[in-house]
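Computed from a predicted model, the values in this text were never measured in an experiment.
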Amino acid sequence: MPSEGRCWETLQALRSSDKGRLCYHRDWLLRGEDVLEECRSVPKLSSYSGWVVDHVLPHMQENQLSSETSESSRSTSDLEQPSCVPKSPVRTPAFSPVSSATPDGAEDKHESQHAEPMALQSSRGIKVEGCIRMYELVHRMRGREGLRQWQEEQERKVRALSEMASEQLKRFDERKELKHHKEFQDLREVMEKSSREALGHQEKLKAEHRHRAKILNLKLREAEQQRLKQVEQERLRKEEGQVRLRGLYGLQEEVLHLNQQLDASEQHKDVLKVDLSAFRTRGNQLCGLVSGIIRATSENGFPTAEDQAVAERALQEMRDLLTSLQQEIARACEDKRRQDLEAQVKRRDSHMQQGPEVHRETPAPSQGPGGKQNEDLQVKVQDSTMRWYHQLQDVSSQCVLAFEELTNSKDSQAKKVKMDLQKAATIPVSQISTIAGSKLKEIFDKIHNLLSGKPVQSGGRSVSVTLNPQGLDFVQYKLAEKFVKQGEEEVASHHEAAFPIAVVASGIWELHPRVGDLILAHLHRKCPYSVPFYPPFKEGMALEDYQRTLGYQVKDSKVEQQDNFLKRMSGMIRLYAAIIQLRWPYGGRQQIHPHGLNHGWRWLAQILNMEPLSDVTATLLFDFLEVCGNALMKQYQVQFWKMILLIKEDYFPRIEAITSSGQMGSFIRLKQFLEKCLQRKEIPVPKGFLTSSFWRS
């Protein structure tokens with residue numbers, strides 16, 4: 001056709017141009033080759049074009065008309081799109097594997113044989129190239145359509161599987177919920193069944209309880225009737241006991257009164273030259289017997305008829321004893337009067353016969369059966385000791401009067417100050433123990449600072465005696481009272497506590513002498529045996545007041561038990577015995593002890609010069625010697641052992657004579673202690689004594 005010839009000429013002209021001789025490749029960027037390398041090479045068709053001409057064009061000629069129309073339209077559309085228009089008729093090497101796969105390797109032959117026809121049919125090459133492009137596009141579209149259909153199929157399968165899994169999960173949840181409902185129903189039925197059984201059991205228990213309650217009510221009524229009967233019997237017994245106790249008190253009062261009359265006969269001793277000690281000794285024994293009966297009845301509750309009978313016999317014996325004493329005094333007076341008369345007659349006769357008066361020697365005093373003069377023990381304390389006792393009590397009374405305004409003040413601020421001062425004074429003393437010497441020093445410094453006017457911490461507040469003009473007197477009195485109370489309570493229960501309390505008290509005594517005087521005043525008031533002093537029964541004195549002066553605690557007209565009384569007295573004597581031998585180790589050694597071992601020696605000598613008291617004297621001697629005996633032994637040596645022998649040989653028989661069989665425990669304990677000490681020739685160091693290692697802790 002003419003048009004094809006003109007196209008061919010045009011193509012030949014383009015190929016002959018500089019630009020036509022360029023080689024175009026779509027994948028030149030991927031191959032990485034130099035872009036200008038093939039500019040000088042001759043343009044040529046791709047080797048793939050021959051295979052397309054042999055295999056694709058024959059099929060397309062069958063429907064040439066339709067194909068040409070379709071191909072022309074599509075070629076036109078492809079040529080209009082810049083991305084689809086080929087730059088040259090040359091194919092890229094990407095399709096070279098397909099051409100190499102053609103049979104018999106006929107590719108080169110076709111190119112050589114048909115080189116000229118291909119050059120002549122340039123329009124057909126363009127069509128072939130368009131067909132190749134169309135085939136690639138169709139193949140790509142089919143692949144995309146197949147992929148889309150496969151994806152849709154997979155999505156349908158996934159949705160189907162998801163729906164099936166969801167349905168199975170619903171069925172599983174329904175079965176699980178049904179199982180839970182069934183289990184809950186079974187559990188509720190079991191609970192209802194057990195509840196019905198529990199209600200039945202509860203009703204049965206209620207019936208049994210009502211039955212037992214009836215039985216218990218009957219028993220309670222019977223027990224209440226029995227209790228009322230016993231209460232009535234106890235009331236009658238107490239009334240009888242009170243009557244007997246009042247009778248015993250009356251008997252004791254009369255016995256003490258008669259004993260005073262026996263003591264009053266002491267004035268006839270020197271005048272009449274007679275020995276009345278046997279009467280006084282027996283009178284003291286009878287007083288001790290009656291007092292022992294009353295103490296025993298206080299421990300047991302109320303006296304029995306036998307106790308009352310024994311007390312009445314003792315009273316009758318005391319009356320007979322007083323009658324015998326009066327008769328003895330009357331006989332002695334008559335004998336003295338007769339002797340005086342005879343002496344006057346003899347002197348008158350001698351004067352008449354001889355003229356001058358002849359002096360005669362006075363007769364020697366009466367002697368005992370062994371030729372030794374019978375010496376009596378004292379009943380009353382020495383006058384110097386009594387003056388010392390009254391001076392200490394006056395110091396205590398003056399101290400109380402000094403802070404009376406602070407005690408009786410109704411001002412809230414003054415009451416608060418008084419309470420703070422009392423706590424600051426008493427709490428440190430309560431904290432004294434045998435734990436460590438460093439802790440003891442802290443307590444001592446706190447007490448010393450308080451007495452020195454320095455502020456101390458107590459209860460989270462700062463306290464000082466300068467807060468009130470009467471604060472120092474109040475603190476000194478309360479501090480001394482607390483020291484003695486610790487001996488009465490703490491030392492009585494724990495004997496080892498005497499030494500740490502005593503060493504602090506001794507140190508405070510050395511720095512503040514007035515506190516020491518107040519300690520002695522409180523000690524003598526609560527324990528008169530620490531003087532030693534046996535308070536006498538005064539005319540018109542109530543029996544309860546007399547028992548208080550002896551150191552007993554009387555509450556609601558009832559005297560404390562003897563064991564408790566001895567325990568308190570023992571604690572205070574142990575504290576006193578520890579104070580006189582200890583000194584504060586951190587103080588100055590230049591000064592002497594404010595109340596040292598010489599006072600302990602004086603106490604021991606004076607109590608041995610006094611008549612012993614049943615159960616009391618033996619207890620106090622044992623406690624004193626156990627605590628202070630070692631220190632006295634080192635201080636007085638031979639003289640101390642002489643006094644121990646005196647106690648064993650002369651004083652033991654006196655204690656044993658006035659001690660009843662039920663009160664021999666304290667006497668036996670003292671006797672065994674002294675015999676062991678005499679055998680070993682040493683008084684052991686008391687348990688709990690503070691050594692140097694204690695102060696290093």
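- The heavy-atom pair separating Leu467 from Val463 by the smallest distance is CD1-CA, 4.4 Å.
- Expressed to the nearest 0.5 Å, how far CG of Leu575 lies from CG of Asp623 amounts to 12.0 Å.
- Considering CZ of Arg574 and CD1 of Ile501, their distance stands at 13.0 Å, rounded to 0.5 Å.
- Of all heavy-atom pairs between Ser464 and Leu421, the closest is O-CD2, 3.5 Å.
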Exercise for the section: Kindly indicate, with the supporting measurements, whether the criterion salt bridge (Lys or Arg N to Asp or Glu O under 4.0 Å) is fulfilled by Glu232 and Arg235. Expected result: CA-CA 5 Å; Glu232 183 64 21; Arg235 187 183 63 80; 2.3 Å; yes
Practice task
Would you please test Arg548 and Asp545 for side-chain contact (heavy atoms from CB on, under 4.5 Å) and show each step?
Solution key: CA-CA 5 Å; Arg548 288 191 181 94; Asp545 295 337; 3.2 Å; yes
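- Pairs passing the salt bridge (charged side-chain N to carboxylate O under 4.0 Å, His left out) check and including a residue from residues 669-678, sequence neighbours excluded, do not occur.
- A donor-acceptor pair under 3.5 Å is formed between the side chain of Glu560 and the backbone N or O of Gln553.
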Practice task
Assess whether side-chain contact (heavy atoms from CB on, under 4.5 Å) is satisfied between Val484 and Met572, documenting all intermediate values.
Solution key: CA-CA 7 Å; Val484 177; Met572 287 184 280; 4.0 Å; yes
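- Not a single donor-acceptor pair under 3.5 Å links the side chain of Ser493 to the backbone N or O of Glu490.
- With His593 contributing its side chain and Leu582 its backbone, the two residues share a donor-acceptor pair below 3.5 Å.
- Nearest heavy-atom pair across Glu626 and Phe673 is CA-CZ, 3.9 Å.
- Contact of the Arg602 side chain with the Asn598 side chain is not registered, since no non-hydrogen atoms from C-beta on lie closer than 4.5 Å.
- Here the shortest heavy-atom pairing between Tyr529 and Leu613 reads CE2-CD1, 3.7 Å.
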Report all side-chain donor-acceptor pairs from residues 395-404 shorter than 3.5 Å, counting only partners two or more places apart or in another chain.
unit_1	atom_1	unit_2	atom_2	d
Ser396	OG	Arg525	NH2	2.8
Ser397	OG	Gln393	O	3.0

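- Contact of the Glu239 side chain with the Val243 side chain is not registered, since no non-hydrogen atoms from C-beta on lie closer than 4.5 Å.
- Rounding to the nearest 0.5 Å gives a distance of 6.5 Å between CZ of Phe689 and CZ of Phe499.
- Under the 4.5 Å side-chain criterion, counting only non-hydrogen atoms from C-beta, Phe474 is in contact with Gln422.
- The 12-atom threshold is exceeded at CD of Glu234, counting heavy atoms of other residues, nucleotides or ligands nearer than 6.0 Å.
- Checked by atom type, the side-chain pair Lys482/Ser430 shows a donor-acceptor distance below 3.5 Å.
- Shown here is Lys485, whose NZ atom has no more than 12 heavy atoms of other residues, nucleotides or ligands within 6.0 Å.
- The two residues Met610 and Tyr651 come nearest to each other via the heavy atoms O-OH, 2.8 Å.
- Checked against the 6.0 Å centroid threshold, Phe444 and Tyr586 do not count as a close aromatic pair.
- When atom types are taken as modelled, the side chain of Gln486 and the backbone of Glu481 share no donor-acceptor pair closer than 3.5 angstrom.
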Atom pairs and distances, side-chain donor-acceptor, residues 451-462, under 3.5 Å, sequence neighbours left out:
unit_1	atom_1	unit_2	atom_2	d
Ser452	OG	His448	O	2.7
Arg461	NH2	Asp420	OD1	2.6
Arg461	NH2	Asp420	OD2	3.4

Practice task
Go through the steps for Lys446 and Glu442 under the test salt bridge (Lys or Arg N to Asp or Glu O under 4.0 Å), then give the verdict.
Solution key: CA-CA 6 Å; Lys446 189 173 184 179; Glu442 292 178 6; over 6 Å; no
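- Between Tyr477 atom OH and Gln470 atom CD the span is 14.5 Å, to the nearest 0.5 Å.
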Practice task
Step by step, work out the salt bridge (Lys or Arg N to Asp or Glu O under 4.0 Å) result for Asp445 and Lys441.
Solution key: CA-CA 6 Å; Asp445 292 339; Lys441 190 174 186 304; 3.3 Å; yes
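- Each of Gln635, Met643, Gln606 was compared with Trp601 under the side-chain contact (heavy atoms from CB on, under 4.5 Å) criterion, and only Met643 meets it.
- Between Ser666 and Phe622, every side-chain heavy-atom pair lies at or beyond the 4.5 Å cut-off.
- Annotation: the span from Leu670 atom CG to Ile655 atom CD1 amounts to 6.0 Å, rounded to 0.5 Å.
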Exercise for the section: Apply the test side-chain contact (heavy atoms from CB on, under 4.5 Å) to residues Met664 and Thr659: give CA-CA distance (whole Å), side-chain angles for both, the deciding distance (0.1 Å), then the verdict. Expected result: CA-CA 6 Å; Met664 293 295 290; Thr659 305; 3.5 Å; yes
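- Aromatic rings of His595 and Tyr576 (six-membered ring for Trp) have centroids within the 6.0 Å cut-off, being under it.
- You'll find the ring centres of His522 and Phe483 outside the 6.0 Å limit.
- Two residues are said to be in side-chain contact when any heavy atoms from C-beta on lie closer than 4.5 Å; Cys628 and Pro686 fail this criterion.
- Contact annotation: the side chain of Lys567 never approaches that of Ser570 to less than 4.5 Å [non-hydrogen atoms, C-beta and beyond].
- In this structure, Leu511 and Trp584 have side chains that are not in contact, with every pair of non-hydrogen atoms separated by 4.5 Å or more.
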Problem - Candidate pair Arg514 and Asp473, rule salt bridge (Lys or Arg N to Asp or Glu O under 4.0 Å), full reasoning - result: CA-CA 10 Å; Arg514 193 185 184 197; Asp473 295 324; 2.4 Å; yes
Exercise for the section: Go through the steps to decide whether Ile644 and Leu625 satisfy the test side-chain contact (heavy atoms from CB on, under 4.5 Å), and finish with yes or no. Expected result: CA-CA 10 Å; Ile644 296 299; Leu625 291 175; 4.3 Å; yes
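- With respect to Leu550, the side-chain contact (heavy atoms from CB on, under 4.5 Å) criterion is satisfied by exactly one of Cys527, Pro528, Pro535: Pro535.
- Of all heavy-atom pairs spanning Val491 and Gly571, the tightest one is CG1-O, 3.5 Å.
- Ion pairing between a basic and an acidic side chain is recognised when a charged N comes within 4.0 Å of a carboxylate O; Arg237 and Glu240 show no such pairing.
- To the nearest 0.5 Å, atom CH2 of residue Trp388 and atom CZ of residue Phe533 are 13.0 Å apart.
- Taking 4.5 Å as the limit, some side-chain heavy atom of Ile683 sits within range of a side-chain heavy atom of Phe640.
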